[in-house]
Amino acid sequence: ACDAQACQTGSPTFLCRSSLCTDTTSGLAIEVTPARTRLPAVAGTATAVTVTVTGDGEPLSGMDVTIAASSSPAGVGSLSATTGTTGADGTVTVAFTVATPAVPGVATVTAGLAAVPQITGSATVTVPRLDSFQLSESPVQHKVMGAKGSAWNEFGWIQVQVLDDVGGAYPDGLPVR
């Protein structure tokens with residue numbers, strides 16, 4: 001846990017409380033949480049991004065927030081809105097959508113309080129580059145479903161894993177034909 005550790009460089013009043021970077025002077029904190037942190041490089045694929053504003057650990061309604069996305073390289077995706085007001089549960093939700101054409105990279109979604117811009121939170125959404133297809137290391141043996149010349153078709157299945165550019169499993173949602 002990060003409790004009581006400094007969490008914003010150059011700002012001694014920002015300390016980690018309950019895993020959130022909190023301004024100890026005001027008790028305000030903001031958290032940015034994407035529903036999915038990895039999306040396939042498929043144009044139009046989207047994920048919900050929820051911004052939560054709390055004061056002394058309690059949700060705050062009616063708070064105006066600004067939301068921005070930056071990426072490396074530029075053009076990974078965009079947001080459905082760049083401003084919002086928190087509801088009764090202290091949240092506002094926007095969508096992050098992969099660009100058309102899809103651009104692999106990392107997008108950082110940052111939200112801040114309009115009234116107190118130094119209080120911010122951020123999260124990343126990765127759109128990895130497709131790297132390779134790999135056959136499963138442990139193929140499954142299937143029973144023979146017919147005999148040669150019997151007019152019964154025989155089927156066999158293979159398992160293929162789709163990998164990203166760092167060797168991890170590629171995010172679901174990639175059409176494979």
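Bear in mind that the values here come from a model prediction, so they are computed numbers and not experimental data.
Partners of Asp131 by salt bridge (charged side-chain N to carboxylate O under 4.0 Å, His left out), not counting sequence neighbours: none found. By the side-chain contact (heavy atoms from CB on, under 4.5 Å) test, Leu60 pairs with Leu28, Val53, Met63, sequence neighbours left out. Asp64 pairs by the side-chain contact (heavy atoms from CB on, under 4.5 Å) definition with Thr85, Ala114, not counting sequence neighbours. Judged as a side-chain contact (heavy atoms from CB on, under 4.5 Å), and not counting sequence neighbours, Pro101 has no contacts.
Arg38 is listed as a side-chain neighbour of Asp164, based on a closest heavy-atom distance under 4.5 Å. Inter-residue side-chain proximity for Thr91 and Thr50 is flagged as met; some heavy-atom pair is nearer than 4.5 Å. Within the 4.5 Å cutoff, the side chain of Arg36 has heavy atoms near those of the Asp172 side chain. Side-chain contact between Pro40 and Thr45: present, with at least one pair of heavy atoms (C-beta onward) separated by less than 4.5 Å. At least one side-chain heavy atom of Glu31 sits less than 4.5 Å from a side-chain heavy atom of Thr33.
Of all non-hydrogen atoms in Leu163 and Leu130, the two that sit nearest each other are O-CD1, 3.8 Å.
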Distance-only check: which donor-acceptor pairs under 3.5 Å involve side-chain atoms of residues 65-78, not counting sequence neighbours?
from: Ser71; atom 1: OG; to: Pro73; atom 2: O; distance (Å): 2.8
from: Ser71; atom 1: OG; to: Gly75; atom 2: N; distance (Å): 3.3
from: Ser71; atom 1: OG; to: Val76; atom 2: N; distance (Å): 3.3

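Within the structure, the side chain to side chain donor-acceptor pair (under 3.5 Å) test picks out no pair touching residues 105-128 (sequence neighbours left out).
No path of Ile, Leu, Val, Met, Phe, Trp and Tyr side chains, each step under 4.5 Å between heavy atoms, connects Leu15 with Val116, placing them in separate hydrophobic clusters.
No donor-acceptor pair closer than 3.5 Å links the side chain of Thr54 to the backbone N or O of Pro59.
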